[in-house]
Amino acid sequence: MIELGFLANEFKPQIETHDRYGHRIDRVRYHPSYHQLMRMAFGEGLHSLPWTSRRVGAQVVRAASITCTPKWRRRTAAR
C-alpha cells in the first residue's frame, strides 16, 4: 500500500482541458495506483465512516485516515 501511495504522489493527475480540435473536455487522468488506493478506501467504507459508525469522533477518524491511510489500514485490519 505504501508503494501505491508513492506512485500516486509521483505521477500527479494530468488535466486535459481541450481535445485536439479545441473542444472543451475537462478530463483528468490518474495513475492506476490512485485508483487502487481509492478502491481500497471505498471497500473499507472510509468515504461514509462518519455516517455509518456510531462511535463518537468518527469524522475525526475519517479525516485522519485520509491523511494517513497506511496507519488507518493497519488499525482496521486488526479489528
Side-chain angles (χ1 to χ4, degrees):
M1 176 186 289
I2 291 174
E3 180 66 25
L4 291 174
F6 281 124
L7 286 170
N9 285 335
E10 182 178 344
F11 298 100
K12 305 288 186 211
Q14 301 293 314
I15 187 165
E16 298 174 13
T17 57
H18 295 82
D19 66 11
R20 64 183 179 166
Y21 302 107
H23 299 115
R24 187 86 187 212
I25 56 173
D26 292 331
R27 179 183 306 148
V28 180
R29 296 191 186 271
Y30 295 93
H31 190 269
S33 60
Y34 180 86
H35 291 289
Q36 283 184 275
L37 287 170
M38 291 302 293
R39 253 191 308 279
M40 291 163 54
F42 274 89
E44 294 292 330
L46 181 60
H47 65 291
S48 61
L49 188 62
W51 300 277
T52 59
S53 176
R54 296 179 182 205
R55 294 172 47 185
V56 174
Q59 54 275 58
V60 175
V61 172
R62 178 181 179 267
S65 298
I66 290 171
T67 305
C68 307
T69 302
K71 292 179 185 176
W72 167 81
R73 180 77 172 158
R74 285 193 298 267
R75 189 170 63 247
T76 57
R79 280 195 243 159

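Distance check: Gln14 CD to His31 NE2 gives 11.0 Å after rounding to the nearest 0.5 Å. Once rounded to the nearest 0.5 Å, the distance linking CG of Leu37 with CG of Leu4 reads 5.0 Å.
With sequence neighbours excluded, no residue forms a salt bridge (Lys or Arg N to Asp or Glu O under 4.0 Å) with Arg39. Listed by chain and residue number, Pro50 satisfy the side-chain contact (heavy atoms from CB on, under 4.5 Å) test with Gln59 (two or more places apart in sequence, or in another chain). Taking the side chain to side chain donor-acceptor pair (under 3.5 Å) definition, one finds that Arg24 meets it with Asp26, sequence neighbours left out. The salt bridge (Lys or Arg N to Asp or Glu O under 4.0 Å) check on Arg29 picks up Glu16, with sequence neighbours excluded.
Applying the 4.5 Å side-chain rule to ILVMFWY residues, one finds Leu7 in the same cluster as Phe11. Residue Met38 belongs to a hydrophobic cluster whose other members are Ile15, Val28, Tyr30, Tyr34, Phe42, with links defined by side-chain heavy atoms closer than 4.5 Å.
Each salt bridge (charged side-chain N to carboxylate O under 4.0 Å, His left out) pair with one or both residues in residues 3-15, not counting sequence neighbours, would appear here, but there are none.
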